[in-house]
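To start, the structure itself, in structure tokens.
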Amino acid sequence: DVERSRGLGDVYKRQRLYGTAEVAKEIEGVEVLTVSESRELLEGAGDDEGIIVANYYSVETVGREFMSWQKAVAAFDSSLVALIRAAALKPNRLTVIGNPAEYGRVLELLNEGKGRLAQKFRMEQACNALHASSEFDASVAQYLEIQGGDVPDMGALSGYPKSIRFAWKRGVSLASGENDHQKAALYGTFSDHFEQLSGPVVDYGVIVDISAATYLIGEFEKTAVALVQKGSILGVACGGTLTENWDKLGEENVGWLRSGVCIVNATVGIEFAEVLAGLRGCTVIAPRFSDESLDVLKKNESLRLFVCKEGIGYEALQENRSAIGGALVQDKNRVSVNPMEWSIRSFVQPHVDQWDDMMFAVKISRHLRSSSCVAIQGERIVAQASACPVQMLAVSDVLRQLEAMGVKGAVLAVDETIEDGDVFAATKEQGVSIVVHAGSLDPSMHPELSEAANEVGIVLVATGRSHCKL
């Protein structure tokens, strides 16, 4: 940043440069002014054009350095923010630059414009500065809400302040929403996480699928392939190479992929690229593509290819949805699947080679809308039912699917309490070997479930945690 600031000085070497003492130490020819003196200079500058480059420490960073809110408030860069706000209100002659990422672009525009910046650019930067100053004020207010009372606000400290702001910038305007007559736009930092390499522009449905697929693939350490369409899981398989996992998905899942997302957690090579090359209108997401795979896949102009650029940030640890008069906000269900927390509630014990399927089942179950049931075999989905009004309907649906396919030995996972122990007889009849049940299944509260599982000789496992998803 210092080097770019020196570049700014070179562009304005025939003009007067002002800055704080810290800036003057780094850039030759800068006249030292305090922030208050800079404000006075700004007010008396008449119609002279100029640039103000200013940054301030975040409220959170400064607030952590002080034991009392009184000292913290005095240390906040309030006067500097006031200067930024005042300058931003004069976009006809002043340009406010606050984002270091913009410094290089500003130098290029100054050189192109022979020391002047276009009105459109000044207005753009003024809006950015006003949004930033507004965020500063909101952060100070939130800090005082947490720390300014007799005792700290524990709700705010846990991530739920008294007031909340959603201040995302529009990333892209979309052609439509879920339906053609609905307008829509994408806000936030979506493009920071993905880079589109080829294919048509994204639409509303694709963004929904990409988001769901990204959270889903994050469950797996082993090489995995997942298919998501219209926000729902079509199929997931792991444990082999990408091509082997694709084959495990089966035509019954792959054949339904029309406009959905195929996401993987390993590099796409030429072998898997040749498998994907026949898809039409789909989106493929991977951490990397080999050069040879890109040569193959880019020939299919209907395929969207995305690279995951970086991990999901802290802001994704919460999720929100609209509610009448406001929004519902909650922590995302990102607690790791830990079999050490599980308990066996039956006499029959699972075999060592069944634990992989049990863990796989719970990972999938957390991403299905409740009430849900999923059947797993060989670390792949063989049957599933979700968004059912009651748990028994989901279980019954999955059992019908298993009967139709003739699948035996599957692991079943449910996300809500089974209310009728008679279901274990039906699951045993369809060859199900294990039922993984969400929650603790306290024997004193649900003795009939353990008794029913023991009566038919089926393994009943309690995960100790619920994973309902509405």
Do the side chains of [X] and [Y] get close enough for a salt bridge, i.e. N-O under 4.0 angstrom?
{"X": "Glu195", "Y": "Arg304", "answer": "no"}
{"X": "Glu319", "Y": "Lys332", "answer": "yes"}
{"X": "Glu178", "Y": "Lys230", "answer": "no"}
{"X": "Arg165", "Y": "Glu135", "answer": "yes"}

Is there a side-chain contact between [X] and [Y], using heavy atoms and a 4.5 Å cut-off?
{"X": "Leu242", "Y": "Thr223", "value": "yes"}
{"X": "Ile263", "Y": "Leu216", "value": "no"}
{"X": "Phe194", "Y": "Val202", "value": "no"}
{"X": "Asp415", "Y": "Gln391", "value": "yes"}
{"X": "Val436", "Y": "Ile434", "value": "yes"}
{"X": "Cys282", "Y": "Leu303", "value": "yes"}
{"X": "Gln196", "Y": "Val307", "value": "no"}
{"X": "Ser450", "Y": "Leu460", "value": "yes"}

Counting only N and O atoms by type, is there a donor-acceptor contact under 3.5 Å from the side chain of [X] to the main-chain atoms of [Y]?
{"X": "Thr189", "Y": "Asp192", "result": "no"}
{"X": "Ser133", "Y": "Ala129", "result": "yes"}
{"X": "Thr463", "Y": "Arg465", "result": "yes"}
{"X": "Asn245", "Y": "Gly240", "result": "yes"}
{"X": "Asp357", "Y": "Val411", "result": "no"}
{"X": "Lys309", "Y": "Ser191", "result": "yes"}
{"X": "Gln430", "Y": "Lys408", "result": "no"}
{"X": "Ser293", "Y": "Phe289", "result": "no"}
{"X": "Asn333", "Y": "Arg366", "result": "no"}
{"X": "Ser370", "Y": "Leu470", "result": "no"}

### Query
Does the cation-pi check pass for Lys169 over Tyr187, that is, NZ or CZ under 6.0 Å from the six-membered ring centre and within 45° of its axis?
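Cation-pi check for Lys169 and Tyr187: fails.
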Using a 6.0 Å cut-off, check whether atom [atom1] of [X] has over 12 heavy atoms from anything other than its own residue.
{"X": "Arg280", "atom1": "CZ", "answer": "yes"}
{"X": "Phe347", "atom1": "CZ", "answer": "no"}
{"X": "Glu341", "atom1": "CD", "answer": "yes"}
{"X": "Tyr204", "atom1": "OH", "answer": "no"}
{"X": "Glu455", "atom1": "CD", "answer": "no"}
{"X": "His351", "atom1": "NE2", "answer": "no"}
{"X": "Gln119", "atom1": "CD", "answer": "yes"}

If you look at every heavy atom in [X] and [Y], which pair is closest and at what distance?
{"X": "Pro339", "Y": "Trp355", "answer": "CB-CZ3, 3.9 Å"}
{"X": "Ala462", "Y": "Gly439", "answer": "CB-O, 3.4 Å"}
{"X": "Ala426", "Y": "Leu399", "answer": "CB-CD1, 3.9 Å"}
{"X": "Cys373", "Y": "Val398", "answer": "O-CG2, 3.4 Å"}
{"X": "Ala226", "Y": "Ile217", "answer": "CB-CD1, 4.3 Å"}
{"X": "Phe424", "Y": "Thr427", "answer": "O-OG1, 2.8 Å"}

Please check if any side-chain donor atom of [X] sits under 3.5 Å from a side-chain acceptor atom of [Y], or the reverse.
{"X": "Ser371", "Y": "Glu416", "value": "yes"}
{"X": "Asn300", "Y": "Ser302", "value": "yes"}
{"X": "Asn179", "Y": "Gln182", "value": "yes"}
{"X": "Thr214", "Y": "Ser211", "value": "no"}
{"X": "Glu124", "Y": "Asn128", "value": "no"}

### Task
Take Lys183 and Ser176 through the side chain to side chain contact (heavy atoms under 4.5 Å, CB included) test and state the conclusion after the steps.
CA-CA 5 Å; Lys183 293 183 178 180; Ser176 66; over 6 Å; no
### Task
Could you check Lys222 against Glu379 for salt bridge (Lys or Arg N to Asp or Glu O under 4.0 Å), going step by step and ending with a plain yes or no?
CA-CA 10 Å; Lys222 295 181 181 180; Glu379 293 185 285; 3.0 Å; yes
Hey, what do you get for [atom1] ([X]) to [atom2] ([Y]), rounding to the nearest 0.5 Å?
{"X": "Glu448", "Y": "Ile418", "atom1": "CD", "atom2": "CD1", "result": "10.5 Å"}
{"X": "Arg380", "Y": "Ile376", "atom1": "CZ", "atom2": "CD1", "result": "9.5 Å"}
{"X": "Lys363", "Y": "Cys238", "atom1": "NZ", "atom2": "SG", "result": "7.0 Å"}
{"X": "Ile146", "Y": "Tyr143", "atom1": "CD1", "atom2": "OH", "result": "9.0 Å"}
{"X": "Leu117", "Y": "Arg105", "atom1": "CG", "atom2": "CZ", "result": "9.5 Å"}
{"X": "Ser365", "Y": "Gln384", "atom1": "OG", "atom2": "CD", "result": "10.5 Å"}

### Query
Partners of Lys469 by salt bridge (charged side-chain N to carboxylate O under 4.0 Å, His left out), sequence neighbours excluded?
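Partners of Lys469 under the salt bridge (charged side-chain N to carboxylate O under 4.0 Å, His left out) test: none.
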#### Entry: Working for side chain to side chain contact (heavy atoms under 4.5 Å, CB included), residues Val348 and Ile458
CA-CA 6 Å; Val348 184; Ile458 201 169; over 6 Å; no
### Task
Report the C-alpha separation of Leu297 and Phe272 in whole Å, then their side-chain angles, then the decisive distance to 0.1 Å, and conclude whether the side chain to side chain contact (heavy atoms under 4.5 Å, CB included) test is met.
CA-CA 10 Å; Leu297 294 172; Phe272 192 51; over 6 Å; no
### Ring geometry between Phe360 and Phe220 (parallel below 30°, tilted from 30 to 60°, perpendicular above 60°)
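Answer is tilted, since the angle falls between 30° and 60°.
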### side chain to side chain contact (heavy atoms under 4.5 Å, CB included) evaluation trace for Asp203 with Leu174
CA-CA 6 Å; Asp203 57 32; Leu174 302 175; 5.9 Å; no
